[in-house]
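Each chain gets a letter, A, B and so on, in the order the sequences are listed, and its residues count up from 1.
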Amino acid sequence: MSPAPNTSDTLDQVKNITDQKYKYGFVTEIESDTAPKGLTEDTIRFISAKKNEPQWLLDWRLKAFRHWLTMKEPKWARVAYPPIDYQDAHYYSAPKSTPLKKSLDEVDPELLRTYEKLGIPIKEQELLAGVEPTIAVDAVFDSVSVATTFKAKLHEKGIIFCPISEAVQTHPELVKQYLGSVVPYSDNYFATLNSAVFTDGSFVYIPKGVRCPMELSTYFRINAANTGQFERTLIIADAGSYVSYLEGCTAPKRDENQLHAAVVELVAHDDAQIKYSTVQNWYPGDEHGVGGIYNFVTKRGACRGVNSKISWTQVETGSAITWKYPSCILQGDNSVGEFYSVAITNNYQQADTGTKMIHIGRNTRSTIVAKGISAGRAQSTYRGLVKIMPKAIGARNHTQCDSLLIGDKCGAHTVPYIESRNKSAKIEHEATTAKISEEQLFYCRQRGLTPEDAVSLIVNGFCREVLKELPMEFAVEAQKLVGISLEGSVG
Amino acid sequence: MLEIVNLHASVGDRPILKGIDLSIKAGDVHAIMGPNGSGKSTLSYILAGRDGYTVTDGSVTYNGEDLLALPPERRAATGVFLAFQYPVEIPGVSNSTFLKTALNAVRRQRGESELDAIQFLKLARAKCKQLGMTDEMLKRAVNVGFSGGEKKRNDILQMALLDPKLTILDETDSGLDIDALRIVADGVNSLRGPNRAMLVITHYQRLLSYIVPDYVHVLAFGRIQRSGGKELALELEARGYAEFGVNEAA
């Protein structure tokens with residue numbers, strides 16, 4: 001009989017396959033306009049000047065920067081990494097050819113090819129006549145947005161979907177009103193850094209009573225070396241409106257770590273709904289833990305209006321380190337916050353992720369479903385806060401955290417914080433930890449599945465509750481990604 | 001179809017099978033009976049290729065091929081099917097997804113075209129009907145919340161879809177009441193045919209009243225102690241395993 005594959009074979013397989021399978025690891029050869037390395041007030045003035053920003057925004061950036069200088073990097077997360085030299089990175093990098101493009105036809109063909117290779121549709125004309133488009137895309141390449149599709153079509157309904165740097169020029173009153181209103185410039189180390197140096201990102205405004213007719217999507221790509229990416233996304237859903245927004249992220253394989261510190265702010269007014277989905281597949285580093293993106297992100301939504309709803313769905317498979325807690329501030333009475341998360345870590349990846357649900361209004365409700373999967377030597381932590389304020393009469397929360405371990409060198413941790421200052425609140429927390437059993441694998445293999453297919457099937461089943469929350473366009477891709485991220489993790 | 005010669009096998013350092021010889025022809029149904037700990041389940045796992053069960057001597061030839069050299073999924077593709085004593089739960093995965101994935105994996109390995117969702121559902125519904133099952137079973141997560149009887153029927157449904165040549169039923173009767181046993185046995189019997197062979201592993205004669213074997217073998221202490229026709233099962237039922245040196249407190 002052939003020897004049974006043992007643990008060391010398994011580990012080798014993980015290493016080989018994971019490394020090969022990062023198909024987004026290529027670099028686009030393109031001439032870039034890059035800020036000199038380093039971070040000073042001059043860097044910020046450089047970025048602001050590049051974007052021709054009004055004085056108030058520069059002042060805001062500088063205020064953030066000065067505050068950042070007084071702050072210390074947070075150390076409470078269960079992640080370990082060498083000190084980051086913030087002076088040893090570029091804070092602005094943009095393809096030279098497209099500083100301000102008027103139409104999609106002017107986009108550099110090299111960039112179009114890049115997005116084609118990534119499978120991102122940034123050409124409007126590819127649609128068949130008579131077929132309604134289902135998705136509009138804003139493509140952010142390093143520090144700038146390079147293309148936004150279906151702007152005109154969305155404009156017919158009064159929807160604004162454009163790069164935030166453009167919104168600063170065209171809708172300064174909206175940007176000024178909402179920027180930093182959910183995540184203030186002084187919020188936390190990485191958000192403050194972002195406030196100082198953010199370069200681009202998407203801006204969305206859905207007017208009163210409008211249901212956005214297609215999925216809005218931003219696709220983030222880090223290309224340049226030694227460059228941090230600091231995008232800022234701002235989405236406002238006015239009263240009675242609805243929008244579903246998706247973001248995807250990839251980066252080339254590089255040996256050095258790159259910092260990605262984004263901020264996302266969502267505002268939902270009365271009866272408005274925002275559904276925000278993420279498929280995060282930044283380069284995770286190689287099998288020895290070399291390289292990969294440091295993904296330090298602040299995402300927060302404010303349910304300002306009554307009956308408003310914000311729903312976060314995330315599938316986190318990439319990045320060397322993920323530090324991210326998409327949160328909901330439930331201010332409006334009867335408002336609803338949801339967080340559905342799948343975090344997959346393999347090899348030496350580390351993820352410390354979860355959510356915060358802050359219940360302020362009456363009868364506010366929140367649901368948290370977090371699924372963590374660890375393989376290789378990865379460490380995955382769920383960290384979540386449920387906070388019920390004194391006036392949140394009748395608030396309810398249900399939290400479910402499930403961890404799945406593959407192999408015996410990885411770890412899963414659950415750190416729930418619950419603070420209730422109202423006796424009428426109902427809070428439930430369930431947590432489970434399981435391993436993929438040899439029995440399950442053998443059962444699948446006996447029915448003809450390869451070990452890779454078996455793991456993919458079992459993990460997809462484990463994540464089902466979360467994956468079914470994704471828009472159709474993303475669900476299939478995400479299912480495949482779940483399989484690919486873990487291929488070879490079991491022999 | 002299947003030739004087992006002088007098969008020795010261990011679990012860890014513990015020898016369990018100590019020289020099994022068994023020959024199974026297409027169309028035959030063989031029963032292996034034996035007391036607890038005689039090596040019945042070990043034999044079925046060795047044939048299916050489960051990790052942790054090591055062959056130390058002997059050979060298994062299946063349709064002229066060295067069965068032991070193949071990984072479990074290849075064995076499945078060549079037509080070896082194991083009905084589990086305890087079918088395994090896979091939460092979140094619907095039965096139809098599981099069955100379709102398995103069927104297409106097997107078809108791919110056999111060089112056949114894969115079925116799309118519609119073709120698959122048509123086939124699966126037909127098989128359910130043939131086995132007297134409702135297709136509601138297809139929508140539920142694999143074995144999750146299934147009764148003992150439903151789990152076994154689910155295994156039989158898988159068997160019907162995967163169309164195996166050699167089926168090993170590992171204590172299929174355990175945990176079944178008499179009605180469930182009859183339904184499962186009917187399912188198995190409907191799949192009997194001249195091109196299929198079956199190896200029915202059981203402790204009790206009970207199952208063999210419903211799935212009537214052509215040959216019965218008594219396994220004890222890691223070896224086949226005696227072989228005979230179906231009447232041997234009845235004899236065992238009456239006299240127990242005592243004559244083979246086994247002392248079982250019923």
Closest approach of [X] and [Y], non-hydrogen atoms and distance?
| X | Y | value |
| --- | --- | --- |
| B/V93 | A/G461 | CG2-CA, 3.5 Å |
| A/G448 | B/A105 | O-CB, 3.3 Å |
| A/Q440 | B/E89 | NE2-O, 3.0 Å |

Part of [X] within contact of chain A (heavy atom distance under 4.5 Å):
| X | answer |
| --- | --- |
| B/V80 | both |
| B/N143 | side chain |
| B/R74 | neither |
| B/L162 | side chain |

- In plain terms, say whether B/E73 and A/R447 are close enough for a salt bridge, that is, a side-chain N and a carboxylate O under 4.0 Å apart. no
- Query: Among side-chain atoms of B/Y45 and A/Q446, is any donor-acceptor pair under 3.5 angstrom?
  - Reply: no
- Query: A/C444 versus B/I90: any side-chain heavy-atom pair under 4.5 Å?
  - Reply: yes
- Message: I'd like to check A/R445 versus B/R75 (side-chain heavy atoms, cut-off strictly below 4.5 Å). Are they in contact?
- Response: no
- B/Q109 side, atom CD; A/L449 side, atom CG - distance, nearest 0.5 Å: 9.0 Å
- Query: Can you tell me how far OG1 of B/T97 sits from CG of A/N460, rounded to the nearest 0.5 angstrom?
  - Reply: 9.5 Å
In terms of heavy-atom contacts, does [atom1] of [X] have more than 12 from other residues, nucleotides or ligands at under 6.0 Å?
| X | atom1 | answer |
| --- | --- | --- |
| B/R192 | CZ | yes |
| B/R196 | CZ | yes |
| B/R140 | CZ | yes |

- Determine, using ring centers only, whether A/Y443 and B/F98 are less than 6.0 Å apart. yes
- Query: Quick one: are the ring centres of B/Y53 and A/F442 less than 6.0 Å apart?
  - Reply: no
Using a cut-off of under 4.5 Å on heavy-atom pairs, state which of [options] scores highest against chain A.
| options | answer |
| --- | --- |
| B/A77, B/A48, B/P164, B/S94 | B/A48 |
| B/V106, B/T101, B/D66, B/L67 | B/T101 |
| B/A9, B/P87, B/S59, B/A76 | B/A76 |

